[in-house]
Amino acid sequence: MSLAAPYPDRWVARSAAGALDEAARRAHNAAFEHKELARHGGFFETLLPQPLNHEQRAAIVVDEDATLVVAAAGSGKTTLLLGKIGYLVMRGLARPREIALLAFNNSVRAEIRERLAASHPGVAVHTFHSLGLEIVRAAADGACRLSDMATDNERLRAFVADALLAIAEREPGALADWLTAQFRPLRDRSDFASEREYKAWARRNPPVTLLGPRAASEPLREVADRLALAGIRYRLDAALPILPAWTGVPPYRPQLSLPDARVVVDLAGADGGAGRGRGTSGPGWAARLLQEGLAGLACLRHGYRRVWLSKAGALQREDRLGAVLADRLASHGLDLAPRALRMQIVQPSAKVRLDDTAALLATCITLHK
């Protein structure tokens with residue numbers, strides 16, 4: 001705040017002597033604000049078509065190097081800026097051509113220019129981008145052209161999508177991790193106020209695999225997607241008979257089967273999965289032991305090896321599900337490293353996820369600018 005005459009006080013004298021008095025500084029500022037508002041009350045009444053309230057007037061007369069005004073949308077921040085310009089010019093603190101006003105978008109810039117046209121046409125009004133472009137053009141003698149992507153969001157999104165496909169060729173692992181495990185935030189039942197809210201969210205966001213079919217749970221969806229990006233064929237609807245059909249014994253249905261590798265994968269501890277674990281305590285443990293025995297019998301009969309992933313939900317939340325799956329499959333001679341990724345992610349269902357990723361990154365780039 002200005003310390004110039006005619007408002008000297010003991011704070012000025014003590015500050016000049018090197019002894020800062022905070023309480024006196026505050027009192028000085030309050031006195032300056034009160035006197036300045038009283039002196040120019042008539043000016044503020046007629047400055048703009050709409051009267052300025054006390055908070056706006058107080059913010060205008062403050063003369064600090066930087067002043068932060070925090071207010072809700074539509075509360076009059078733009079009006080305050082116009083009032084500040086009028087006040088600076090009236091007090092002789094600045095000339096219109098010495099003032100630059102920055103807006104966040106073109107519509108606000110156009111509104112401010114229109115409102116300043118009659119009173120202070122010499123004020124420079126820019127968006128952040130237009131000011132930057134003007135500075136670059138001045139430094140480069142006008143030789144500067146904006147990319148089409150600076151103003152065309154669809155072109156930017158397409159450019160990002162092409163860049164992702166190029167990355168798929170050079171560094172498939174990073175993109176595979178994103179598309180399988182990080183493309184959207186994980187949600188757990190505990191994140192919701194009630195079971196009803198969780199089920200409503202789950203209906204709106206089903207775990208759809210990259211190849212299209214729905215999975216029974218998010219962990220199972222990730223396992224299926226990692227297999228797809230590794231070029232490993234899988235089935236979500238396999239059935240392995242345990243005994244002849246006439247016995248009435250239902251077949252063993254693994255959550256996921258790899259027919260070419262003769263491997264089945266079951267998950268526990270996941271919503272919609274094969275139970276909470278493999279323990280021999282708690283409700284239903286006897287039934288689970290029977291299911292395990294029948295599953296082992298079916299695998300033995302059909303020549304399948306079984307991969308069991310316990311606590312799959314926890315592994316997924318800790319971002320370790322892919323690593324554990326890769327380790328278990330490696331013991332059966334299967335490599336989970338992504339391959340032919342570009343060919344896989346241009347399939348219709350996978351392309352939706354790629355396009356969503358490109359749109360998200362394009363938005364981040366736009367906001368970061």
Side-chain angles (χ1 to χ4, degrees), residues 180-181 186 188-190 195 198-199 202 206-211 213-336:
T180 57
L186 279 177
D188 189 72
R189 276 187 164 87
S190 59
E195 182 72 9
Y198 169 73
K199 289 182 177 179
V208 180
T209 65
L210 279 169
L211 299 185
R214 292 188 181 186
S217 66
E218 274 294 331
L220 184 61
R221 190 272 315 152
E222 181 180 337
V223 170
D225 287 349
R226 289 188 179 277
L227 289 169
L229 295 184
I232 300 174
R233 191 167 68 92
Y234 69 84
R235 290 185 59 184
L236 291 170
D237 58 352
L240 302 180
I242 301 171
L243 296 173
W246 60 265
T247 64
V249 177
Y252 159 56
R253 297 184 179 277
Q255 290 177 292
L256 192 146
S257 68
L258 316 181
D260 298 334
R262 310 299 287 180
V263 169
V264 296
V265 179
D266 279 325
L267 285 69
D271 292 336
R276 294 286 177 182
R278 304 178 69 182
T280 56
S281 61
W285 68 268
R288 288 198 299 272
L289 285 179
L290 177 61
Q291 291 172 357
E292 289 293 296
L294 293 175
L297 182 62
C299 288
L300 182 64
R301 179 182 177 187
H302 295 278
Y304 274 81
R305 296 159 294 172
R306 193 177 187 216
V307 171
W308 178 270
L309 295 174
S310 61
K311 300 181 180 179
L315 289 174
Q316 189 181 42
R317 287 190 294 274
E318 296 165 4
D319 199 23
R320 295 196 299 122
L321 182 58
V324 172
L325 176 66
D327 182 65
R328 302 286 174 81
L329 292 181
S331 65
H332 295 292
L334 293 171
D335 183 6
L336 201 61

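Positions are given from 1, in the same order as the sequence printed here.
Applying the salt bridge (Lys or Arg N to Asp or Glu O under 4.0 Å) test to pairs two or more places apart or on separate chains, those with a residue in residues 326-335 are D335-R339. Counting only residues at least two apart or in different chains, salt bridge (Lys or Arg N to Asp or Glu O under 4.0 Å) contacts with residues 234-251 comprise R235-D237.
Residues passing the side chain to side chain contact (heavy atoms under 4.5 Å, CB included) test with A314 are K311, R317, E318, sequence neighbours excluded. For Q316, the side-chain hydrogen bond (donor to acceptor under 3.5 Å, both in side chains) partners at least two apart in sequence or on another chain are E222. Residues passing the side chain to side chain contact (heavy atoms under 4.5 Å, CB included) test with P250: none are found, sequence neighbours excluded. Scanning for salt bridge (charged side-chain N to carboxylate O under 4.0 Å, His left out) contacts around R233 gives D260, with sequence neighbours left out. The side chain to side chain contact (heavy atoms under 4.5 Å, CB included) test applied to L315 returns R320, L321, V324, not counting sequence neighbours. When the side chain to side chain contact (heavy atoms under 4.5 Å, CB included) test is applied to L297, the partners found at least two apart in sequence or on another chain are I242. Under the side-chain hydrogen bond (donor to acceptor under 3.5 Å, both in side chains) criterion, S331 pairs with no residue at all, not counting sequence neighbours.
The structure places CD1 of I232 at 5.0 Å from CG of L334, a figure rounded to the nearest 0.5 Å. To the nearest 0.5 Å, atom CG of residue D266 and atom CG of residue L256 are 9.0 Å apart. Distance check, rounded to the nearest 0.5 Å: OH of Y252 to CZ of R301 gives 14.5 Å.
Only one option out of L309, L336, L329, T180 pairs with V223 in a side-chain contact (heavy atoms from CB on, under 4.5 Å); it is L309.
Nearest heavy atoms, Y304 versus V263: CD2-N, 3.4 Å. Scanning all heavy atoms of the two residues, the minimum distance from R305 to A261 falls at NH2-O, 2.7 Å. Between A312 and P219, the shortest heavy-atom distance links the atoms CB-CB, 3.9 Å. Looking at every heavy atom in both residues, G303 comes nearest to R262 through O-CB, 3.5 Å.
Side-chain contact between V264 and L240 is present, with at least one heavy-atom pair separated by less than 4.5 Å.
A donor-acceptor pair is defined here as one N or O able to donate and one able to accept, closer than 3.5 Å; such a pair exists between the side chain of H302 and the backbone of P241.
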